[in-house]
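By convention in this document, chain letters (A, B, ...) are assigned in the order of the sequence lines, proteins followed by strands, and residues within each chain are numbered from 1.
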Amino acid sequence: MDDFIAARSQMALSLGFHIIFSCIGMIMPFFMAVAHYKWLKSGNIVYKNVTRAWSRGVAIFFATGAVSGTVLSFELGLLWPEFMKHAGPIFGMPFSLEGTAFFIEAIALGFYLYGWDRFNKWFHWFTGVIVGVSGLASGILVVAANAWMNSPAGFDYVNGQYLNIDPIAAMFNDAWFSQALHMILAALTATGFAVAGVHALMILKRKNVLFHTKAFRIAAVFACAGAILQPLSGDISAKDVAKRQPVKLAAMEAHFKTEEKAALILGGIPDEQRDTVHYALKIPGALSFLAHGDFKTSVTGLDAFPREVRPPVAITHYAFQVMVGLGMILLLIAIFYFFMLWRKRKWLERRWLLKLFTAAIPLGFIAVEAGWTVTEVGRQPWIIYGIMRTRDAVTPMPGIVYSFYIFTAVYFSLSIIVILLLYRQVKMVGKLYDVTG
Amino acid sequence: MNFVMLYVVMAYLWASILLYVLMGGADFGAGILEFLSTRKSKDQTRRVMYRAIGPIWEANHMWLIIAIVILFVGFPVIYATVSVYLHIPLTIMLLGIVARGTAFSFRNYDAVRDKMQTVYSKTFMYSSVITPLFLGIIAGSAVSGKIDPQATHFLDAYIFSWLGFFPVSVGIFTVTICGFLAAIFIIGETKTEAERQRFIQKAKHMSLAAIAAAGLVLVAAHQDNIPLVHWLFGNPVSVICVLLAALSLIWMWISLFRQSTQWLRIIAGAQITLLLVAITYEHYPVLINLKDTEGLSLLTHKGSDKTIRSLAVALLAGSVFILPALFYLLYSFNRQEEPVEH
C-alpha cells in the first residue's frame, strides 16, 4: 500500500466511522425529545424511562461523534495539506458556522444530561430540543462543505490561482441542498430503523414489552417517514448529479456509451477494460427519464470523458446499487408498517413485522456507507471536482500506512466498545429503570 | 474595515487558545490528578471531578475546534505547514483526545459497573497525561524554530521538528499547569472539609511542580539556543506580565493558606493569561518560527479579505449565541444549592 492509498483509506475509514456516530448523535435527540414531551404531557413514567435510556445513548454517540469529528478536522490538514492550503479560505464558511452549532449542541447537552430535576421542566426539555436542532444544523453545514468539493463555487480559478474568493457563494454551491437533504433523510431513516429494530427485537424476546413498545413506536414512525421521503430526495439528487457531474452519474449507472433513450442498468458486472456491463438487467429509456425527466433525452456516458478523469466505475456502480436496493427494502417495510397503523391492525402481534424491523437494524447504515462511497469515490480522481486532483493534495510525509493501521485499530476497538455498551444498555433496561411491563 | 476584521479574527484565535488552555487544561488536569492520586483516594477524586467537570465537559473542548477552524479558514498556509511538519505529535495528541473523550463518557454511561471501569479509567488517566504533554510539545516546537521546510531527510523534517529538549520540557510544563488548574478549580467544588483540604494540598504540589517545570523550560531553552529569556525580558510588556505573574504567585500562596477559593481561580487564570500574553506579545504577528527563514506571520499568511470578513462575522455572530449560554451553564452548575424536586 503506498502513502497515497493509505491516506485515502485513512480518510475513508475516519469518515466511515464518523458518519455512523454522528448520524445517530444527530437524530436520536429528536426521539429523546419526543419521548420526553410525551412524558411531560401524559405523566406516564414509561416515557420518562425511555427518555433517560435514550439520553444515555445520545451521550455515548455525542462523545464518539465529537472526538471522531475533531480527528477529521485535523486529518484534513494531516492528510491533505495542499488541498486545505487553497480550499480552507474558500469552503471554510460552513465549518466556522458548524463550530458554532456544535458548541451550542455541547452546551445544550450539558444542560440536558446534568439538568434533570434542576431546572424548570420545560426549559430542561427545550435544551434537549436544542441538542437536536443544533446537531441537525451542524450536519447540514458539514455536508454543504463536502458539496463544495463536488460543485466548487465562490472563486475564479485562473492559471492555478484561486481568485475572487467568496465564502458565502461557496457555501451555497449548487450541490449543498440536494446533498444535505439526502444525507439528513438517510440519517433519519438509518437511525430510526436501527433504534426501532433493537426495540423490536426486545419485544420479540418479550422483555419489558411496555417500555420497548413505546420506544419502538416513536423510532419507527421517524424511520418510516424517512424511508418514504428518501426516494423523492434521491430523485432530486440524481437529476442534480446528472447536470453537475455527468461522469459520476455515468459511473453510478455503469453507463458507458452516450446515447438517447438510455437504459437503466440494474446489477451487472462492469468491465472497465472493454467499456461494457455483463449480466445486467436493462430497462430501456429509464435512465434518460430518471436523469432528465424524459425517456428520450441523451444521457452522457463514460465515453465522453478521457479515461484519466473517470472514477472507478465498478465500486461506484456497486455502491449505488446497494444504496438504492436497501432504500427500496426499507421503503417496503415502511409501507407495511404505515398500512398496519392505518388499518389499526394489531401490529404487535405480527411477529413477521417485528422480525422485519429486527433484520433491518444494519440496513440503513449500510445504505449510508454505500451512498457515501458513491459521493466520494464517484468524485475521483478529483478532490475539488475539475480543479485539483486528490493525488496532488496528499501530504509529503511518508509512512502514512502506519498511521492508517493505528487509526484502523482505534476505530475498530471503539466500535466494538460502543456496540458492547449499547448491548449492556439494552440488557439492563429492566434493572436501570423502574419498568413496569 | 478589513484591517479591523483581521484583528477580530486574531483576537478570537488568541482567546480560543487561552480558553482551551484554561478550561480544557483544567479538564485534562482532572485526569492528571486522578493519575497522581493514591489508590485509596482515586474514587473520591473521580467523584468530585465528575460533579465539577461533567456538565461543562463537552463545551471545554470546543475551544480547540474553534481555534483549528480559525486557523484553517483564516490562515491556511500556517495550518498546512503545521499539519505537515508536526504530523506525528498532532496524531498522538489526536489519539489522546479520542481515548480520553470516549473513556470519560463510557465510564459514566456504561450501564454495567464491572472490570471495564478499570479499562476506561486507565485509558482516561494515561490519555489525560499524554494529550497535554503533546499539546505542549506542539506549542514548544511552534516557537522553537526547529520546523524546517527545507529539510530533505525524514528525521530532520518530521522528527527533530518536535522531538527535542525544549519542546518536551514545554510539554511537561503544560502537564503541570493543567494539573494545577484542575486542583484550583476543584477546590471550589468540594463539598466536605476533608475533600477541600486534599485538593488544596494537590494545588500546592502542582504549583511547585509547575515552578520546577518552568525552570526546566529555561534550562532547555538555554541548551537548545532558544532566546526564551529575550522573549520574556526583551520588551516592557512581557517583563511586566512575567513580573505580575511571579508576584501573584505569592498572593496565590497566601490565598491557598487562607483558602479563599474565588480569588484562587481568578489568580490562577490570570497567571496563565499573563504568561500567554508575555510569550505571544514578543512573537506577534509570527505564529510559527521556522528554521533559518522568516516565521509564518498572521498578517502575511492570511486568507482573502472576504474570507477574513465572513469569518469575523461568523465568530461575532456565534458568540452572541454561545457566550450567554455558556455563562448560564457555568453559573447554573456552580450554584451550591440542592436540586429542586418536580
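For L163(A), no part lies near chain B; criterion is any non-hydrogen pair under 4.5 Å. For a residue to count as touching a neighbouring chain, one of its non-hydrogen atoms must lie under 4.5 Å from one of that chain's; by this rule M428(A) touches chain B with the side chain only. If you measure heavy-atom distances from L329(B) to chain A, the contacts under 4.5 Å come from both the backbone and the side chain. With a 4.5 angstrom heavy-atom cutoff, T395(A) touches chain B only via side-chain atoms. Both the backbone and the side chain of I322(B) come within less than 4.5 Å of a heavy atom of chain A. Residue I400(A) touches chain B through its side chain alone, counting heavy-atom pairs closer than 4.5 Å. In this structure, chain A has a heavy atom under 4.5 Å from the side chain of V69(B), while its backbone stays farther away. Of the atoms belonging to I66(B), it is side-chain heavy atoms, and not backbone ones, that fall under 4.5 Å from chain A. Proximity to chain B (any heavy atom under 4.5 Å) is restricted, for F62(A), to the side chain, taken from C-beta onward. For L315(B), no part lies under 4.5 angstrom from a heavy atom of chain A. The parts of Y109(B) that come within reach of chain A are both its backbone and its side chain, each placing non-hydrogen atoms under 4.5 angstrom from that chain. I78(B) does not touch chain A: none of its heavy atoms, backbone or side chain, sits under 4.5 Å away. Residue contact with chain A, scored on non-hydrogen atoms closer than 4.5 Å, is absent for Y12(B). Of the atoms belonging to F72(B), heavy atoms from both backbone and side chain fall under 4.5 Å from chain A.
Counting heavy-atom pairs closer than 4.5 Å to chain A, the top-ranked of the candidates F321(B), Y85(B), F75(B), Y158(B) is Y158(B). In terms of heavy-atom pairs under 4.5 angstrom with chain B, the leader among G57(A), P396(A), G115(A), G69(A) is P396(A). Between chain A and the options G74(B), A317(B), S310(B), heavy-atom pairs under 4.5 Å are most frequent for S310(B). Note on T100(A), L421(A), L78(A), L414(A): by heavy-atom pairs under 4.5 Å with chain B, the leading option is L78(A). By number of non-hydrogen pairs under 4.5 angstrom with chain B, the leading residue of Y162(A), W80(A), F95(A) is F95(A). Interface summary for chain A: among I68(B), I65(B), V77(B), the most heavy-atom pairs under 4.5 angstrom belong to I68(B). Between chain B and the options I417(A), I168(A), L109(A), L97(A), the largest number of non-hydrogen pairs under 4.5 Å is found for I417(A). Considering only heavy-atom pairs separated by less than 4.5 Å from chain B, the leading option among P167(A), A170(A), G99(A), S413(A) is P167(A).
At a heavy-atom cut-off of under 4.5 Å, chain B is reached by I406(A), F407(A), V410(A) from residues 404-412 of chain A, listed in order of number.
In this model, a donor atom of one side chain and an acceptor atom of the other lie less than 3.5 Å apart for S128(B) and R100(B).
Not a single donor-acceptor pair under 3.5 Å links the side chain of T293(B) to the backbone N or O of L290(B). In this structure a side-chain-to-backbone donor-acceptor pair under 3.5 Å is present from S138(A) to S134(A). Remark: side-chain polar atoms of T51(A) are paired, donor with acceptor, to backbone N or O of H36(A) under 3.5 angstrom. Proximity of a side-chain donor or acceptor of S68(A) to a complementary backbone N or O of G65(A) within less than 3.5 Å is detected. Using a distance-only test at 3.5 Å, with no hydrogens or angles considered, a donor-acceptor pair links the side chain of R113(B) to the main chain of R107(B). Looking at S403(A), its side chain never comes within 3.5 Å of a backbone N or O of G399(A) through a donor-acceptor pair. A distance-only check finds no donor-acceptor pair linking the side chain of S22(A) to the backbone of G25(A) [under 3.5 Å]. Side-chain atoms of W148(A) come within 3.5 Å of backbone N or O of A153(A) as a donor-acceptor pair.
In this structure, F74(A) has its ring center no closer than 6.0 Å to that of H87(B).
Within a 6.0 Å radius of CZ in F123(A), more than 12 heavy atoms belonging to other residues, nucleotides or ligands are found. No more than 12 heavy atoms of other residues, nucleotides or ligands shown are found within 6.0 angstrom of CZ on F126(A). Residue Y157(A) qualifies as enclosed at atom OH: its count of foreign heavy atoms under 6.0 Å is above 12. Atom OH of Y423(A) sits in a sparse spot, with 12 or fewer heavy atoms from other residues, nucleotides or ligands closer than 6.0 Å.
In this structure, F61(A) and F21(A) have tilted ring planes: the angle between them lies in the 30° to 60° band. Between F119(A) and F111(A), the two ring planes are perpendicular [angle over 60°; tilted spans 30° to 60°].
A salt bridge links D114(B) with R424(A); the closest basic N to acidic carboxylate O contact falls under 4.0 Å.
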